[in-house]
Amino acid sequence: MSGLVEKLTAEGSGESAEFLNDIVKQLWPNINAAGSKMVKEIVEPMFKTMLPGPLATLHFTKIDLGPVPLRLSNAKTTKSEVDGIKLDLNVDWVGKADIEMDADMIPALIGAAQISFINPPVLKLDFTGAANVADFSLVDDTVRKVILGIINSMFTLPNRFLLKLDANADYFKAYHYPLGMVRVTVEKAWGFGEEAKSSTRKLFNKLTRAAPDCYAKVDVGGEESWKTATKSNTNSPTWNETHDFVVSDFDQCIKVDVEDEDVNGDDEVGFAVTTVREILVVGGSQELALVHNGEETGGRVSISCQYFKYVADAGSLTASDHRGDGRLSGIATILIASAFGIKGQREDLKPSVVVTWGKTQRFQTAIKSDAPGTDISNPAFDQAFRVPITTDLVGSSPENFRIALLDGEKEIGGVDIPFATVANAPDKILQQKFDVGNGATVRASIRLRGVVPGEIPQVALPDRRR
């Protein structure tokens, strides 16, 4: 025992202790078997006591932790008074586990599931072979932005991916509407220097005594990014500019990225992150530290935030409180479930539905085609579109909503729905099969919502000191 103590304490001041990894590697088949058995024996009884009804029958049919063992690093050891050791270390596991589960009667309980990320995922790419050229920063950033753009448009709130477990599940009942909107004001930034600039640019700025030309870019969930105006030649830009974002979860992040505008490519001064919940709980205003390349720059950015919840009240749609660039007064959510009675040869039909409101708002469902298991004459679309409403778009004579059924690029038929018809519907929801002509109908729902100041979600915040 004393020999092991001496060896560990000799190697243990933050070292890798590779001999421990050698032991783990040799024992991994036994660890795999024992760990799999332990997971099954501990977790399955928890399923039975914690999950309701038939979900309590959830159980593992296969648990295999895979061929890749966990790794130990940064081992720190200290001797105890009784010739023992205290061992602190990091445990990392990038495994390839194979876990299968099953249960009884789950389809009878769950008709559909919606999958989403609360916040945009972090994507790291490593290109190999002939594609290794893409590891250059510019190419890598471009590829990541394209991929993340696709992921966010499908999976990041307020966007959700629908998975139907029961073909008869009603899309209108499965859809989750956004909670409301958050009004973000980027006030000012200060305290940052030249951390983000190249050495050449730093020298040029010293010679010309030029300060950065800064703007702030704000991201909330999967919503489109918004940028402030650029403030030229200043290390303490003041913006006081406001923009509204749709919110579906109070844990969605608000990311503020301060950039130095440059004709040869903008430089990041630093970024700061908070969440909708955090800023509201502390009163709706925060000063956030700017971080660049993983380290705080000493710079700060101040933002304020107000939450509005969606309500079945059209009073806010024309209210002066919600007038101005970037401000919304409400939202219309249009759900397209399915179409019926489309005529034509199955192999030739390419149906889709287009939704428009006014001259600027146009949305289109996926284009369907004939395939096994698809009723192409009565296709299901199950897609949602959010139409942001501003006071100037509503005005005294708001435009009609229009739902059009297309076959390829040709319009089969359409129907105009007056804005007032939706506004006067029960709970401001108009839901029916709309006759678009030529014997075809489209099952759709139009939901209109105004906004009122919402309550601050009073829950405990995570301890960020850990």
Side-chain angles (χ1 to χ4, degrees), residues 1 3-48 50-51 55 57-78 84-103 106 113 115-137 139-141 143-148 150-152 154-156 161 163 251 253 293-294 462 466:
M1 178 67 179
L4 178 61
V5 171
E6 296 299 328
K7 181 174 181 59
L8 285 171
T9 52
E11 295 187 7
S13 299
E15 301 298 330
S16 61
E18 278 299 317
F19 83 97
L20 289 176
N21 286 316
D22 292 337
I23 295 174
V24 171
K25 185 176 181 179
Q26 294 295 323
L27 294 177
W28 185 248
N30 303 89
I31 295 173
N32 188 349
S36 300
K37 181 180 179 182
M38 185 181 300
V39 169
K40 185 177 179 67
E41 292 178 349
I42 294 176
V43 176
E44 284 188 356
M46 296 174 65
F47 287 158
K48 292 180 180 179
M50 298 173 64
L51 295 179
L55 287 177
T57 65
L58 194 65
H59 60 277
F60 296 101
T61 57
K62 180 180 181 181
I63 304 177
D64 183 0
L65 302 184
V68 181
L70 56 83
R71 285 191 58 80
L72 310 176
S73 62
N74 199 30
K76 296 181 180 180
T77 54
T78 54
I85 57 172
K86 177 186 177 184
L87 179 61
D88 296 311
L89 44 79
N90 293 341
V91 179
D92 299 301
W93 186 42
V94 183
K96 297 180 180 180
D98 184 5
I99 299 175
E100 297 178 3
M101 304 180 73
D102 194 10
I106 284 185
I115 304 168
S116 64
F117 295 112
I118 293 178
N119 293 299
V122 176
L123 178 64
K124 294 183 179 181
L125 302 175
D126 183 18
F127 298 92
T128 59
N132 195 50
V133 66
D135 277 332
F136 288 119
S137 176
V139 178
D140 179 76
D141 288 346
V143 173
R144 279 194 302 108
K145 286 179 180 178
V146 171
I147 295 175
L148 282 175
I150 295 172
I151 292 173
N152 290 337
M154 295 177 62
F155 292 100
T156 304
F161 181 79
L163 178 63
D251 289 322
C253 287
N293 288 335
R466 284 187 254 175

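Below, all heavy atoms of this structure are taken into account, side chains as well, without hydrogens, waters or symmetry copies.
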Indicate the atoms forming the closest heavy-atom contact of I63 with S36, along with that distance. O-OG, 3.2 Å

[X] side chain to [Y] backbone, donor-acceptor under 3.5 Å:
X    : Y    : result
N119 : D251 : yes
K40  : F60  : yes
N21  : R71  : no

Do [X] and [Y] make a side-chain contact, defined as non-hydrogen atoms from C-beta onward lying under 4.5 Å apart?
X    : Y    : answer
P69  : I31  : no
W28  : V68  : no
I118 : C253 : no

Of V39, D98, N32, which is the lone residue that meets side chain to side chain contact (heavy atoms under 4.5 Å, CB included) with L65? N32

